[in-house]
Amino acid sequence: MSIPLYIRKDYFRAVILSDKSAHILQFIYSGENVDVFEQDTPVFHLQYVLESKTKAEIVEFYVTDFALRGKGYGSVCLNEITDQLAKKNVTFIKAPVGYRLAPLGYEGPEQYQRLMAGFYEKTGFSISGDGDLAMKILDQYE
């Protein structure tokens, strides 16, 4: 089952990263994929699925370059995307906190899950009691 959700396909957004530096990011929505670029260089990717007209699940996301991780790209991109989904009447987003295997560059699944739980909490998500799911109720815009 596929539910159409129309978000402007391509737009630019000025953002401030955690080191207080200003950047212009280009957000490109293609179906349920969002790719973010800075000066034609990919910096972030997110894929989600709509479970209903008001519920979305993040399937995957990542900052594309390891050297860019920890600088705030993930936070500003995820916050911008959740704001756009809220404007389209999505009221609830969930995401897995980790995976059975940790991605390359992490010591193991436990370390990765701790880092992901901290990231989600920093971006306004709540972590489920058993720690495997991040959830966020979105504010609706007029």
Side-chain angles (χ1 to χ4, degrees), residues 1-128 131-142:
M1 179 169 123
S2 180
I3 301 165
L5 179 71
Y6 298 101
I7 296 176
R8 195 169 75 203
K9 285 186 165 190
D10 183 2
Y11 65 91
F12 291 86
R13 178 76 55 182
V15 299
I16 305 293
L17 297 183
S18 54
D19 67 357
K20 307 295 184 215
S21 60
H23 299 261
I24 303 292
L25 300 180
Q26 179 184 18
F27 288 79
I28 299 176
Y29 288 78
S30 176
E32 294 177 332
N33 289 287
V34 186
D35 290 293
V36 182
F37 297 84
E38 182 173 30
Q39 298 177 355
D40 296 326
T41 301
V43 295
F44 185 81
H45 171 80
L46 181 137
Q47 180 183 4
Y48 65 93
V49 294
L50 289 173
E51 296 178 343
S52 70
K53 289 183 180 183
T54 60
K55 293 180 183 178
E57 179 175 357
I58 295 173
V59 176
E60 71 171 349
F61 75 91
Y62 50 86
V63 174
T64 54
D65 183 346
F66 245 88
L68 298 177
R69 294 182 182 180
K71 298 186 184 298
Y73 283 97
S75 296
V76 299
C77 291
L78 185 58
N79 286 332
E80 172 63 25
I81 293 164
T82 58
D83 286 350
Q84 291 300 316
L85 291 173
K87 289 177 183 178
K88 297 301 180 186
N89 298 319
V90 171
T91 58
F92 181 76
I93 297 178
K94 68 180 182 179
V97 173
Y99 306 97
R100 277 183 269 156
L101 299 174
L104 188 63
Y106 295 94
E107 294 172 8
E110 295 81 17
Q111 178 205 28
Y112 182 67
Q113 287 176 330
R114 281 192 309 276
L115 290 171
M116 290 305 299
F119 169 78
Y120 278 119
E121 287 177 328
K122 184 172 70 173
T123 55
F125 283 74
S126 298
I127 305 302
S128 66
D132 66 344
L133 189 65
M135 302 161 288
K136 185 173 186 177
I137 296 173
L138 303 179
D139 294 329
Q140 294 301 289
Y141 297 100
E142 297 293 319

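Note that this is a predicted model, so its numbers are computed, not measured. Numbers here simply count residues along the sequence, with the first being 1.
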Does a side-chain heavy-atom distance below 4.5 Å link V97 with D132? no
Of all heavy-atom pairs between A56 and L50, which one has the smallest distance, and what is that distance? CB-CD2, 3.9 Å
Within a radius of less than 6.0 Å around CD1 of I16, do more than 12 heavy atoms belonging to other residues, nucleotides or ligands occur? yes
Looking only at non-hydrogen atoms, find the nearest pair between M135 and I127 and report the distance. CE-C, 4.3 Å
Side-chain touch I81/Y29, heavy atoms, less than 4.5 angstrom: yes
Go through it in stages, so that I can follow the logic: the residues are K53 and N89, the test is side-chain contact (heavy atoms from CB on, under 4.5 Å), and I'd like the CA-CA distance, side-chain angles, deciding distance and then a yes or no. CA-CA 7 Å; K53 289 183 180 183; N89 298 319; over 6 Å; no
Taking every non-hydrogen atom, the tightest pair across S18 and G70: OG-O, 4.1 Å
Using the salt bridge (charged side-chain N to carboxylate O under 4.0 Å, His left out) criterion, which residues pair with K94? Sequence neighbours excluded. E51
Drop me the distance from L46's CG to D35's CG, to the nearest 0.5 angstrom. 9.0 Å
F27 pairs by ring-ring contact (aromatic ring centres under 6.0 Å, His included) with which of F12, Y11, F37? Y11
Could you measure the distance from the CD1 atom of I137 to the OG1 atom of T82? Nearest 0.5 Å is fine. 13.0 Å
If you round to the nearest 0.5 Å, how far is OG1 of T54 from CG of L85? 11.5 Å
Taking it one step at a time, do I93 and F125 satisfy side-chain contact (heavy atoms from CB on, under 4.5 Å)? CA-CA 9 Å; I93 297 178; F125 283 74; 4.0 Å; yes
Does the plane of the ring in H45 sit parallel, tilted or perpendicular to the ring in Y62? Use 30° and 60° as the thresholds. tilted
Could you tell me if Y73 and E38 have a donor-acceptor pair between their side chains, going purely by distance under 3.5 Å? yes
To the nearest 0.5 Å, tell me how far T64 OG1 sits from R69 CZ. 8.5 Å
At what distance, to the nearest 0.5 angstrom, does CG of L138 lie from NZ of K87? 12.5 Å
Can you measure from CG (D19) to NZ (K71) and round to the nearest 0.5 angstrom? 7.0 Å
With a 3.5 Å distance limit and no angle check, can you tell me whether K136 reaches the backbone of Y120 through a side-chain donor-acceptor pair? no
Donor-acceptor check, side chain of S30 to backbone of N33, threshold 3.5 angstrom: yes or no? no
Does V76 reach the side chain of F44, with side-chain heavy atoms less than 4.5 Å apart? no
Measure the shortest side-chain to side-chain distance between L78 and I58 over non-hydrogen atoms and say whether it is less than 4.5 angstrom. yes
